[in-house]
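Notes follow once the structure below has been shown.
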Number of protein chains: 2
Amino acid sequence: MQIQQAKHQFVQAWGAFGSHWGVNKTMAQIHALMMISEESLSTEEIMETLAISRGNVNMNVRELIDMGLVFKVFKQGERRDYFIGEKDVWKIAKQVAKLRKARELDPVLNLLQEIRQMDLPPKNEEVKRFLKLVDDFYKLAVNIDRLVEGIIKAEESWFWDKVLKLLAKK
Amino acid sequence: MQIQQAKHQFVQAWGAFGSHWGVNKTMAQIHALMMISEESLSTEEIMETLAISRGNVNMNVRELIDMGLVFKVFKQGERRDYFIGEKDVWKIAKQVAKLRKARELDPVLNLLQEIRQMDLPPKNEEVKRFLKLVDDFYKLAVNIDRLVEGIIKAEESWFWDKVLKLLAKK
DNA sequence: TGAAACTTTCAGATAGTTTTGAAATTATTG
DNA sequence: CAATAATTTCAAAACTATCTGAAAGTTTCA
């Protein structure tokens with residue numbers, strides 16, 4: 001197997017995974033390409049490598065920049081923009097955790113909190129059961145929130161060391 | 001606010017969240033409805049409550065059953081099928097974690113493992129850097145895998161007690 | 001300043017997903 | 001067995017997301 005084939009496979013697979021992660025295929029492919037490219041890349045180079053349009057590259061690169069996973073690079077004496085991908089896997093993971101928390105968890109916390117604070121008479125069995133479910137979900141969501149916050153703030157080796165030791169102990 | 005309104009809001013919001021979780025709106029709505037319904041529901045009742053077609057209910061309920069979040073119930077003297085939702089939030093969470101791990105994490109582990117085992121000559125800087133990235137991702141994925149496995153197996157109170165205490169200590 | 005180089009936008013095209021609803025199938029009852 | 005009730009299937013329609021490519025906008029430089 002040659003390195004170029006291996007990289008190609010990585011990029012293609014990452015694109016396919018994207019669909020299961022709520023990320024569009026092209027964005028996942030661009031991100032994969034940026035992670036494995038030591039050098040910064042121009043729009044043209046991304047277009048060619050992935051066989052996609054200029055508009056598509058522009059849109060997705062911009063979003064990756066907004067996500068903090070890709071950065072603009074200015075090259076001395078060059079007119080066009082170049083982009084470089086974050087290479088630190090732990091930083092990438094924390095960033096993704098942060099973004100997914102904001103998209104997937106925070107809105108749920110808000111909804112549950114809102115319902116908990118409703119005044120719902122009469123206090124019959126139906127109401128009690130509903131509020132119990134909402135409350136259970138809320139407590140779970142708060143715990144997950146704290147765990148994710150912990151991960152985002154943690155130092156990698158410390159975190160895994162402690163957590164995996166803890167889970168093993170059981 | 002009345003209980004029926006509150007339940008309606010819960011179902012609608014859950015449906016909207018679905019889109020951000022890689023779950024289609026209808027399935028998320030049906031699941032929400034099943035979680036908050038004490039009684040088992042028939043296809044007809046779900047159709048009416050959510051204003052959706054028979055085929056849609058059938059498909060999504062079947063999938064929820066496959067996911068282990070909803071169960072078929074046979075009613076004495078009744079010809080039609082009834083369905084009841086799992087109500088235990090921790091069980092639901094573990095089930096979802098299991099499903100998402102299978103969909104989102106396991107394929108990545110396989111890819112990374114596969115690439116790690118490739119023979120990629122020559123061992124130049126480019127190859128080394130690529131394999132380093134793959135290796136970093138692999139180690140991270142293995143750690144996440146262990147964490148998720150730990151969660152799936154853990155007893156709820158024990159798990160949160162320990163983990164949150166750990167994160168607080170830092 | 002103005003022409004070239006490059007980036008951004010966005011309307012329409014394409015591709016992908018979800019839903020419907022009627023027909024086919026299966027199960028139950030008298 | 002035949003009638004009835006319910007479930008399942010699936011092709012077509014509706015809807016949604018994504019991508020293209022040309023036009024508009026911006027920046028650079030002589």
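Note that these values count all heavy atoms, side chains included, but never hydrogens, waters or copies made by symmetry. By convention in this document, chain letters (A, B, ...) are assigned in the order of the sequence lines, proteins followed by strands, and residues within each chain are numbered from 1.
The terminal axes of the helix from C:dT1-D:dA30 to C:dG30-D:dC1, fitted over 5 pairs per end, subtend an angle of 10° to the nearest 10°.
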Verdict with reasoning, A:D136 to A:K132, per salt bridge (Lys or Arg N to Asp or Glu O under 4.0 Å): CA-CA 6 Å; A:D136 286 352; A:K132 162 82 161 61; 2.7 Å; yes
List the steps and the verdict of ring pair (Phe, Tyr, Trp, His ring centres under 6.0 Å) for B:W14 and A:F137. CA-CA 12 Å; B:W14 220 252; A:F137 259 116; 5.1 Å; yes
Given salt bridge (Lys or Arg N to Asp or Glu O under 4.0 Å), test B:R79 with B:E44 step by step and report yes or no. CA-CA 13 Å; B:R79 207 143 150 182; B:E44 296 284 344; over 6 Å; no
Evaluate A:K165 against A:D161 for salt bridge (Lys or Arg N to Asp or Glu O under 4.0 Å), listing each step before the verdict. CA-CA 6 Å; A:K165 215 170 274 176; A:D161 218 56; 3.6 Å; yes
Would you mind building the protein contact string for nucleotides 10-18 of chain D? One character per nucleotide, 5' to 3', B for base within reach (heavy atoms under 4.0 Å), S for sugar-phosphate only, - for untouched. --------S
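A residue-by-residue look at B:R54 and A:F83 shows that A:F83 has its nearest nucleotide of DNA chain C further toward the 5' end.
For the pair B:M47 CE and D:dA6 P, the computed distance is 12 Å after rounding to whole Å. Distance CG (A:N58) to C1' (D:dA22): 14 Å, rounded to an integer number of Å.
The neighbour count for B:K87 NZ, taken as heavy atoms of other residues, nucleotides or ligands under 6.0 Å away, is above 12. The local environment of CD in A:E78 is crowded, with over 12 non-hydrogen atoms from other residues, nucleotides or ligands closer than 6.0 Å.
Residues satisfying the side chain to side chain contact (heavy atoms under 4.5 Å, CB included) test with B:A97, not counting sequence neighbours, are B:V148, B:I152.
Side chains of B:N60 and B:N56: a donor-acceptor N/O pair is present below 3.5 angstrom, by distance only.
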Can you check nucleotides 24-30 of chain D for protein contacts, nitrogen or oxygen pairs under 3.5 Å, and list what you find?
from: D:dT28; atom 1: O2; to: A:R79; atom 2: NH2; distance (Å): 2.9

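Annotation for B:F71: hydrophobic cluster partners, listed by chain and number, are B:V73, B:Y82, B:I84 (ILVMFWY side-chain heavy atoms under 4.5 Å, direct or chained).
Using a 4.0 Å heavy-atom cutoff across all strands shown, A:R62 reaches sugar-phosphate atoms only and no base atom.
Along DNA chain C, read 5' to 3', the first and last nucleotides having any atom under 4.0 Å from a heavy atom of chain A are C:dA4 to C:dT9.
Of all the heavy atoms in A:G150 and B:L167, the pair that sits closest is CA-CD2, 3.9 Å.
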